[in-house]
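All values below come from the heavy atoms of this structure, side chains included, with hydrogens, waters and symmetry mates left out.
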Amino acid sequence: MNSSDEDKITILSWIYFSTLSLSLIGSCSVVVVSIIKRRHLNEQAKPLLQLALADFLASLVLMITAVINLPHEIWSLSVEMCNFGLPLSLAFYCISFLLVIIYACESAHAFQGWREKTVQEAFETQLSLRRRRFCLIYVIAWLVPIIGYFVYICTVHYMEATLKPAQMPTVTTITRSRFCNSCILFLHLTNDSCITVDKEHAEFIQILPLSGVLVVIIVCTVVYCKLESSYRRYENTTMITMTQRNQGGIWSSARYMILVIIFCWAPALLLICLSFVQPRINNLFPLYVTQALSVSRQGFLNSIVYAWRRRNFRDAVLGERLPLMAYSTRAFFDQSLSEPS
């Protein structure tokens, strides 16, 4: 970035604010509907509520950090909020990643478990096992990133990023101070003249989303590919009725879940990789704009792919069917993949 850094930061902040608004609306709609219609949604409300809540909190925290970038005269407060806010938003995104993995594993377990047993036996066994495992699995998914966040903020050593010359500050100094104190996700990775934390914690912030996104993509791809293989094996048997078949197979639905992660985080991962290869890179503003447009849409896209795009979710919300677990012995995870949109 150059002498127009302040204008670029303002542009990025407004991009984050506008696109994060969509994510807040999308994820909040799923949270509200899951609570209001919990009698009709029954078991499926639990995983959807957890995922939507994680996306909502991540979007909310990231939006707050974007708002404090807008021109004002409380930079000292902004720096403090930024130091705590950005890692917190990443913690909530990590929770979302874990919930996506859990969703994929639950889908595989539901589908494969139902097909290996009689319908009634599978229904009772699956429901019992899921109820026993539910609290522990989701508590761990929330606690691990939150504990990691508190460990981070308790051990991090914040450095002074604001330039403080002995003489009266010039316009260049003020602009530079504005840039170093800005609160944009991964903004300072490729410019080490604005180091705000010690090297170890800065590298941790780089490695965390990089490893998290790669793990989500790999695990979900493997799980859904195996699930597709199992579906094809049973497709022509009487275990799957004509009403249960999806013309495109399970992968036609699962691929959107994987594509959301790739679309939202590919620009951010590129920035992280560039920071490892070359710490000082200029003229990356278009990439930061792309990152702002992609990362901030995760909550909105997840609400579409995991909830509103699913016919069984819409029918339950609109009251067009009986409670899902009452009218069918098929698990929601099974339905959400094998039932056409």
From K8 atom NZ to L284 atom CG, the distance as rounded to the nearest 0.5 Å:
9.5 Å
With a 4.5 Å cut-off on side-chain heavy atoms, are L99 and P47 touching?
no
Taken to the nearest 0.5 Å, the spacing of L210 CG from C273 SG works out to 5.5 Å
Rounded to the nearest 0.5 Å, what separates atom CG in L293 from atom CD1 in I15?
5.0 Å
Does any non-hydrogen side-chain atom of F263 lie less than 4.5 Å from one of Y256?
no
4.5 Å side-chain heavy-atom contact, Y152 and I205:
yes
CG (L24) and CG (L57) are apart, to the nearest 0.5 Å, by 9.5 Å
Honestly curious: do L98 and F92 fall in one hydrophobic cluster under the side-chain, below-4.5 Å linking rule?
no
Taking all heavy atoms of A54 and all of I95, pick out the closest pair and write down the distance.
CB-CG2, 3.8 Å
side-chain contact (heavy atoms from CB on, under 4.5 Å) for L90 and L185? Distances and angles first, verdict last.
CA-CA 9 Å; L90 290 178; L185 196 62; 4.1 Å; yes
Taking the side chain as every heavy atom from C-beta outward, state whether C264 and L301 have any pair of such atoms under 4.5 Å apart.
yes
Does any non-hydrogen side-chain atom of F56 lie less than 4.5 Å from one of S23?
no
In the hydrophobic cluster built from side-chain contacts under 4.5 Å, what are the other members alongside I25?
none
Atom OG1 of T221 and atom CD1 of I258: how far apart are they, to the nearest 0.5 Å?
3.5 Å
Holding to side chain to side chain donor-acceptor pair (under 3.5 Å), I want the full list of residues that pass it with T290, two or more places apart in sequence or in another chain.
none
Donor-acceptor pair, side chain of Y149 and main chain of F84, under 3.5 angstrom
yes
Heavy-atom side-chain contact between W265 and S294 under 4.5 Å:
no
For S29, which residues count as a side chain to side chain donor-acceptor pair (under 3.5 Å) partner, sequence neighbours excluded?
W308
Quick check for you: to the nearest 0.5 Å, what is the distance between L22 atom CG and I304 atom CD1?
10.0 Å
Hey, are the side chains of Y16 and M63 touching, using non-hydrogen atoms and a 4.5 Å cut-off?
no
For I36, which fellow cluster members are found when Ile, Leu, Val, Met, Phe, Trp and Tyr are connected by side-chain heavy-atom distances below 4.5 angstrom, either directly or through intermediates?
V32
Verify, without hydrogens or angle tests, whether R314 (side chain) and R309 (backbone) share a donor-acceptor contact under 3.5 angstrom.
yes
Is M257 linked to V222 within one hydrophobic cluster, defined over Ile, Leu, Val, Met, Phe, Trp and Tyr using a side-chain heavy-atom separation of less than 4.5 Å?
no
Could you give all pairs that pass the side-chain hydrogen bond (donor to acceptor under 3.5 Å, both in side chains) test and reach residues 85-96, with sequence neighbours left out?
D55-S96, S96-Q298
Under a 3.5 Å threshold, yes or no: a donor from one side chain and an acceptor from the other, between Q50 and Y103?
no
Could you see if Y224 belongs to whatever hydrophobic cluster contains I262? Use Ile, Leu, Val, Met, Phe, Trp, Tyr and a side-chain cutoff under 4.5 Å.
yes
Given side-chain contact (heavy atoms from CB on, under 4.5 Å), test Y306 with V100 step by step and report yes or no.
CA-CA 10 Å; Y306 287 91; V100 168; 3.4 Å; yes
State plainly whether one hydrophobic cluster holds both F150 and L88, where clusters connect Ile, Leu, Val, Met, Phe, Trp and Tyr through side-chain heavy atoms under 4.5 angstrom apart.
yes
Sorted by chain and number, sequence neighbours left out, side chain to side chain donor-acceptor pair (under 3.5 Å) with S27 holds for none
When clusters are formed by joining ILVMFWY residues with side-chain heavy atoms under 4.5 Å apart, either directly or through shared neighbours, do I101 and L143 land in the same one?
no
Could you walk me through whether L86 and C183 pass the side-chain contact (heavy atoms from CB on, under 4.5 Å) check?
CA-CA 8 Å; L86 287 182; C183 195; 3.7 Å; yes
Verdict with reasoning, N69 to L12, per side-chain contact (heavy atoms from CB on, under 4.5 Å)
CA-CA 9 Å; N69 280 302; L12 289 174; over 6 Å; no
Heavy atoms, side chains only, cut-off 4.5 Å: are P145 and F97 in contact?
no
Taking all non-hydrogen atoms of both residues into account, name the closest pair between I272 and P209 and its distance.
CD1-CG, 3.7 Å
